[in-house]
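Just so it is clear, the structure is predicted and the values come from calculations on it, not from any experiment. Just so it is clear: chains get the letters A, B, ... in the order the sequence lines come, proteins before strands, and each one is counted from 1.
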Amino acid sequence: MTIESDVLENIFNNFLQGPSIFKNRETLRPDYIPKKLPHRNQQIRRIGSILAPFLHGSRGSNILIYGKTGTGKTAVVKYVLKKLLEKAHEAGTAIKTCYINCRLAGTDYRVLAKLCASIGIKIPFTGLATGEVFDRFKNGLDINNFFLIIVLDEIDSLVKVMGDTLLYELTRINENLTYGRTSLIGISNDLLFKEFLDARVLSSLSEEEVVFRPYIAPELNDILYERAKISFVDNVLTEGALNLCSALAAAEHGDARRALDLLRVSGELSERQGSNKITEDHIRQAQDKIEKDRVVEVLTTLPLHSKVVLCGTYLIKQIMMKPAITGDVFEVYKELCEIINIEPLTQRRVSSLINELDTIGILNTKLLSLGRYGRTKKIKLNSNLSVIKNIYSQDAWVSKLINYKPKYLLNLKLK
DNA sequence: TGTCCACTGGAACGTACGGCTT
DNA sequence: AAGCCGTACGTTCCAGTGGACA
């Protein structure tokens, strides 16, 4: 037996024999829908009563749901739909539901393709005109006499990217159906998203509106407590850890998803350390780990040009000891491209890449006016310099850039 | 008070690609 | 095979702009 397999053997044995602190770790995954949803009774009742007409075979109103991330919107909708489907099954009514995350789908075409898939129509991932896919969807509904409840999660991101044409068509679809019926549930994280909509679309989509307020700390406490009961072995989670966890999540606009993540990761950490309790310290470690893992994941999977742009920003900060501005980043970027033998992109494109890095939280940019010296962007790195250096020192493409001294910067220093 | 810098960011367009229909 | 489609990723063009400076 090799040494490696001995080590593995030990790890697995420890895992099997050690005192597991988890009763059921699946219940802490983000997609788990619990049997109890504390502090959301009002929303559950409201959505339930709006959808209830479907049980009689008539169409319920469209619903627009607002609320920040982790306020339970998706969970509540899925929960109500699950119950509705069960009831419809008992009553012998044929209802279908289709849940689509618009941000993940990305385009009108792919949303439609998913809608088609939900009623059993196969659509190629490219090749058809969007209008053609829509017609097939409509025909499919009519021919099969389907009652379909469509949930469009993160609908705001779809509208921002593609405009509201698809929504317009979907809100009008019932007028063109002879037998089938549809109802729309739009879920939005962005409260201002209505402004992007055409008045007709808005009035049709928001026949009913439901708002999800952020959870406050005591509410998060209840949620975590309920979930901990089914996830962990009794008495594993200390009260201090529970309180800290909800306090941290409450500070981040009452995000329950975040709180549950924190709980899951701290559980895993505590388990790995062979502990039989989850303490406040574990929660803090988990918070650290989640952030670190995210940064590593993002930095390593970035497209090549974004990595080079980031290296440029890093070098400017490292050598000039001050935040970068767009013009400097672009000059350094061009020099770096030459070194690793790739064609540089245009400044316009690099400017977009910088914006993208800002949106994912790797950079922090601020528009700055230097009066006579023009307008530019001040670009700061959000992560620690050493973190970037560590990660990119091992990168196949950019490892040789991280210790390079750009001539442009050396000249700038002399001035 | 007007000028002018160094960009920003919107919009239209180009190209390559995989894949459809006819 | 021809013609079209959506998608990704990019370029080109250009109007717009906040505020230091003359």
Completion exercise
Sorted by number, residues from residues 329-353 of chain A placing a heavy atom under 4.0 Å from DNA chain B are A/Q347, A/R348, A/S351
Exercise for the section: Starting from the first five and the last five pairs of the helix from B/dT1-C/dA22 to B/dT22-C/dA1, work out the angle between the resulting helix axes, to 10 degrees. Expected result: 30°
Practice task
Looking only at non-hydrogen atoms, find the nearest pair between A/L315 and A/P406 and report the distance.
Solution key: CD1-CG, 3.9 Å
Fill in the blank from the handout: Of A/Y373 and A/R136, the one whose nearest nucleotide on DNA chain B sits closer to the 5' end is A/Y373
Exercise for the section: Measure the distance from CG on A/L370 to P on B/dT3 and round it to the nearest whole Å. Expected result: 21 Å
Practice task
Nearest whole angstrom, please: distance from the C1' of B/dC7 to the CG of A/L367.
Solution key: 9 Å
Handout entry: Check: A/T107 side chain, A/R110 main-chain N or O, donor-acceptor pair, under 3.5 Å
Key = yes
Handout entry: Any A/S369 side-chain nitrogen or oxygen under 4.0 Å from OP1 or OP2 of C/dT17
Key = no
Handout entry: Integer-rounded Å distance: C/dG16 P and A/R375 CZ
Key = 13 Å
Problem - Residue-phosphate contact under 4.0 Å: A/K377 side-chain N/O, B/dG9 OP1/OP2 - result: yes
Problem - Between C/dC9 (P) and A/L302 (CG): distance, integer Å - result: 12 Å
Problem - Exceeds 12 heavy-atom contacts within 6.0 angstrom, atom CZ of A/R45 - result: no
Practice task
Would you check, one step at a time, whether the test side chain to side chain donor-acceptor pair (under 3.5 Å) holds for A/N384 with A/S386?
Solution key: CA-CA 5 Å; A/N384 210 301; A/S386 59; 3.2 Å; yes
Practice task
Using atom CD of A/E132 as one end and atom C1' of B/dT21 as the other, report the distance to the nearest whole Å.
Solution key: 9 Å
Exercise for the section: Look at all strands and tell whether A/L368 reaches a base, only sugar-phosphate, or nothing, counting heavy atoms closer than 4.0 Å. Expected result: nothing
Fill in the blank from the handout: To the nearest 0.5 Å, atom OG of A/S246 lies from atom CD of A/E219 at 11.0 Å
Fill in the blank from the handout: With the side chain defined as heavy atoms from C-beta on, A/Y109 is closest, among C/dC21, C/dA8, C/dG6, to C/dG6
Exercise for the section: Using the side chain to side chain contact (heavy atoms under 4.5 Å, CB included) rule, take A/L170 and A/L115 through it: C-alpha gap first, then chi angles, then the decisive distance, then the call. Expected result: CA-CA 11 Å; A/L170 284 178; A/L115 284 174; 4.1 Å; yes
Problem - Closest to the A/M162 side chain, choosing from B/dT21, C/dG16, C/dT7 - result: C/dT7
Problem - Polar contact flag, side-chain donor to acceptor under 3.5 angstrom, A/R348-A/S352 - result: yes
Handout entry: Polar side chain donor-acceptor pair, A/T74 to A/D153, under 3.5 angstrom
Key = yes
Completion exercise
When rounded to whole Å, the CG to C1' distance for the pair A/D135 and B/dC20 reads 16 Å
Practice task
Return yes if a side-chain donor-acceptor contact under 3.5 Å exists between A/N189 and A/T69, otherwise no.
Solution key: no
Problem - Value rounded to 0.5 Å, distance of CG in A/L310 from OH in A/Y392 - result: 5.0 Å
Handout entry: Distance in angstrom units between A/D108 CG and C/dT7 P, rounded
Key = 8 Å
Fill in the blank from the handout: A/E356 atom CD is separated from B/dG9 atom P, nearest whole Å, by 13 Å
Handout entry: Check against side chain to side chain contact (heavy atoms under 4.5 Å, CB included), A/Y408 and A/D328
Key = CA-CA 8 Å; A/Y408 174 82; A/D328 292 347; 2.7 Å; yes
Practice task
Pick base, sugar-phosphate or nothing for A/N355, based on heavy-atom distances below 4.0 Å to the nucleic acid.
Solution key: sugar-phosphate
Handout entry: Strand contacts (DNA chain C) in residues 116-128 of chain A, 4.0 angstrom heavy-atom criterion
Key = A/T126, A/G127, A/L128
Handout entry: OG-CZ distance between A/S270 and A/F22, expressed to the nearest 0.5 angstrom
Key = 8.0 Å
